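Quick caveat, the model's predicted, so the values are computed rather than measured. A note on names: the letters A, B, ... follow the listed sequences, proteins ahead of strands, and every chain is numbered from 1. Side-chain atoms are counted along with the backbone in the values below, which use heavy atoms only and exclude waters and symmetry mates.
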There are 2 protein chains.
Amino acid sequence: MYLPNQMQKLTLKSIAKEIGVSISTVSKALKDSPEISDDTRQKIKAFAKLYNYKPNNIALSLKNRKTKTIGVIIPDIVHYFFTTVISGIEEVANLKGYNVIVGLSNESFQKEVINMEMLANGSIDGFILSVSKETQLLKDYHHLEETINQGMPIVMFDRTINEIVCDKVIVDDTEGAKNAVLKLLDLGCKNIAIITTEDHVNVGKLRTKGYKMALESRNIFKSNHHILHLEEKLYDPIFIKELEVVISDFLKINPSIDGIFAVNEVYALSAIKAAKKLQKEVPEDLKVIGFTDGILSKYATPSLSTMSQHGKILGMKAAELLIQRLESLDVDLPYQTVIIETELIERETTENI
Amino acid sequence: MYLPNQMQKLTLKSIAKEIGVSISTVSKALKDSPEISDDTRQKIKAFAKLYNYKPNNIALSLKNRKTKTIGVIIPDIVHYFFTTVISGIEEVANLKGYNVIVGLSNESFQKEVINMEMLANGSIDGFILSVSKETQLLKDYHHLEETINQGMPIVMFDRTINEIVCDKVIVDDTEGAKNAVLKLLDLGCKNIAIITTEDHVNVGKLRTKGYKMALESRNIFKSNHHILHLEEKLYDPIFIKELEVVISDFLKINPSIDGIFAVNEVYALSAIKAAKKLQKEVPEDLKVIGFTDGILSKYATPSLSTMSQHGKILGMKAAELLIQRLESLDVDLPYQTVIIETELIERETTENI
DNA sequence: ATAGGCAACGAAAACGTTTTCGTGTTGATA
DNA sequence: TATCAACACGAAAACGTTTTCGTTGCCTAT
């Protein structure tokens with residue numbers, strides 16, 4: 001009787017020794033190769049099942065030169081949008097037998113590079129990533145280029161880079177912003193402001209562009225654009241007070257504002273809070289639309305109308321693109337850029353009273 | 001001149017062939033072995049650097065029988081607490097040269113098992129996990145036992161299981177809840193309710209226990225306990241309306257309630273919303289404390305006082321425990337259970353006006 | 001009787017490392 | 001001149017698979 005050492009994983013070799021056959025025979029028997037007689041096959045399979053043999057993934061990876069795992073690099077995981085994207089990635093990855101390994105850049109170029117290098121040397125088959133803000137700022141993309149040159153496919157999402165040719169999945173920020181502002185106009189708002197980021201943040205820039213397009217399409221020109229650019233750091237919860245002050249000041253200077261489009265939930269909620277303190281009622285005196293249909297929008301009081309980015313669908317699409325490329329035999333598979341449509345989720349902040 | 005095929009990763013073998021030495025020599029040269037002459041070492045290192053040689057992680061893993069990666073299994077990633085835990089894990093993992101591979105159970109026993117089996121066969125060195133609700137309900141822990149029996153260490157966090165002996169990192173739910181309720185008492189609340197989950201959810205049960213302990217320590221006995229147990233599903237944003245209705249009904253039946261302790265942010269915010277509609281002002285007529293210092297607490301209006309679980313610290317501690325065990329030579333390292341202290345974060349919902 | 005064929009299995013290479021243990025060459029020493 | 005280190009390097013095993021290509025032994029057809 002075989003006494004398995006519970007501390008030692010079963011291998012083909014140990015099974016072979018136990019049954020008294022060669023490693024090859026065990027391997028073939030377990031894969032139902034016709035080369036092996038029914039008799040020995042039964043014996044081997046029974047033994048393997050009894051002691052719960054599972055092939056070693058690392059050995060398989062080395063042999064097959066593929067790991068069946070996807071590397072995901074994101075700037076921040078404590079962030080609703082990114083987590084929904086991950087959940088989408090994970091869902092289709094799992095469905096197709098892939099694992100997901102997560103690296104966080106914390107918005108740092110350095111960490112992004114380190115993390116990618118750590119994973120690029122055989123640990124994964126391909127990347128899904130959204131670059132850090134610092135990378136966008138520095139415009140240094142050598143790590144991305146090198147990775148691609150080494151034959152490792154990348155799918156970029158949300159914060160993509162034009163200079164890099166690869167598959168991309170993006171949110172239609174400009175169109176989404178435009179639609180949000182058009183909605184405010186349709187609701188009767190006459191003086192619509194945008195609360196946005198600095199321009200080097202791509203999504204901020206694109207959403208600002210959409211804002212302008214919407215207004216200009218209704219013949220509201222520059223003199224009546226109200227744009228508040230906020231410093232990076234104000235997004236951080238530790239500056240919540242400062243954020244409110246800045247927005248409050250902005251609203252005081254522009255008392256005619258009756259509609260706000262904010263490029264994220266945080267700006268939107270702070271705007272609402274600031275407005276209340278200035279005795280402006282939402283939505284009666286001021287209508288607000290945010291971006292990202294996260295937890296804040298749903299549970300805020302009043303609940304926030306917002307543009308959903310469908311992060312989960314985005315993640316699913318990104319994973320599909322990557323896996324399709326990984327499993328395609330066609331080396332020249334053309335690169336795609338998939339656009340995920342935004343959708344206006346109407347809640348209390350745009351109710352017409 | 002060597003013309004590297006950019007599609008092909010550099011290996012020791014290809015370097016060896018190019019320089020005209022053996023594989024062993026290359027390996028030794030790169031590791032600065034004294035066996036190798038300065039001359040050839042220089043040559044090899046220069047070549048390796050020029051073409052950016054990086055050893056293949058998979059081959060290393062196979063050889064060393066360790067992967068330097070940690071498997072993290074959580075029930076849900078679109079959840080503030082879990083993401084902060086991950087960020088903590090990731091931080092110390094990275095510091096110590098480990099990668100993090102994430103599996104989601106989606107609160108499903110089945111997915112939890114599958115995911116763990118997928119990773120347990122060589123892909124990772126150890127697990128950090130929080131079990132799914134279904135696992136808690138079924139009380140089937142065979143996958144955990146088997147994993148441990150195979151010599152793979154596990155660190156459980158938050159939702160731990162007494163029957164399983166392993167390292168654990170937990171939040172002091174009972175104590176935290178007790179302190180929250182004591183705070184409400186100190187603020188002068190006379191009729192304090194708890195909004196909690198069904199009892200099979202461990203954290204809900206423990207926090208309810210803390211609620212009772214606090215009241216009883218001030219001689220407020222059962223007849224004056226107001227406990228609202230909510231169905232699982234009401235936590236989901238799609239049932240936000242129903243949630244509010246249930247809480248609203250509860251408040252109507254118990255009009256004397258002047259303090260609420262909610263076991264999560266969602267219940268707390270819904271309670272505030274319900275109260276407002278019943279013309280109760282927060283914090284004037286009703287004081288509220290939640291659990292989890294997430295994004296909702298910070299940006300709510302009024303901002304929510306809450307018990308912080310310090311998820312990031314918890315994650316860091318869990319990673320430290322695991323890595324310590326992985327790198328310890330002592331097989332009999334005693335198992336630890338680390339308790340992360342909660343902390344009351346006071347905001348507007350407990351202000352004394 | 002013998003060639004041919006098939007059934008059932010094993011040996012060995014390969015994936016990319018690390019490391020132990022040779023082995024050949026040099027220079028110095030007795 | 002013979003011996004012996006020290007030096008510089010290579011061969012090979014090992015990690016756990018898969019797969020190709022033998023190699024047996026036996027049966028059948030000529």
(Q) Once you apply a heavy-atom cut-off of 4.0 Å, does B:Thr11 come out as touching a base, just sugar-phosphate, or nothing? (A) sugar-phosphate
**Q.** Atom CD of B:Glu145 with >12 non-hydrogen neighbours under 6.0 angstrom
**A.** yes
Q.
Reading DNA chain C in the 5' to 3' direction, which nucleotide is the first one with an atom under 4.0 Å from a heavy atom of chain A, and which is the last?
A. C:dA8 to C:dG16
Q. Please give, in whole Å, the distance from D:dG10 P to B:Ile15 CD1?
A. 14 Å
Q) Could B:Lys45 and B:Asp32 be called an ion pair, given the rule that one side-chain N must be under 4.0 Å from one carboxylate O? A) yes
Q) Mapping A:Asn64 and B:Thr25 onto DNA chain C by nearest heavy atom, which one lands closer to the 5' end? A) A:Asn64
Q: Find which nucleotide of DNA chain D each of B:Asp38 and A:Ile23 is nearest to by heavy atoms, and output the residue with the more 5' nucleotide.
A: B:Asp38
(Q) I need the CG-P distance between B:Leu30 and D:dC9, as an integer number of Å. (A) 13 Å
(Q) Any base atoms under 4.0 Å from A:Leu12, or only sugar-phosphate, or nothing? Heavy atoms, all strands. (A) base
Q: Pick base, sugar-phosphate or nothing for A:Lys28, based on heavy-atom distances below 4.0 Å to the nucleic acid.
A: base
Q: Select base, sugar-phosphate, or nothing to describe what B:Ser27 touches, counting heavy atoms under 4.0 Å on all strands.
A: base
Q) How far does OH of B:Tyr335 sit from SG of B:Cys166, to the nearest 0.5 angstrom? A) 7.5 Å
Q.
Any base atoms under 4.0 Å from B:Thr40, or only sugar-phosphate, or nothing? Heavy atoms, all strands.
A. sugar-phosphate
Q. Hey, are B:Asp167 and B:Arg325 close enough for a salt bridge, meaning a charged N less than 4.0 Å from a carboxylate O?
A. yes
Q. Quick one: which of A:Ile89, A:Ile170, A:Val338, A:Val169 gives a side chain to side chain contact (heavy atoms under 4.5 Å, CB included) with A:Leu314?
A. A:Val169
Q: Looking at every strand, decide which applies to A:Ser37 at a 4.0 Å heavy-atom threshold: base, sugar-phosphate, or nothing.
A: sugar-phosphate
**Q.** salt_bridge(B:Lys111, A:Glu90) N-O dist < 4.0 Å
**A.** yes
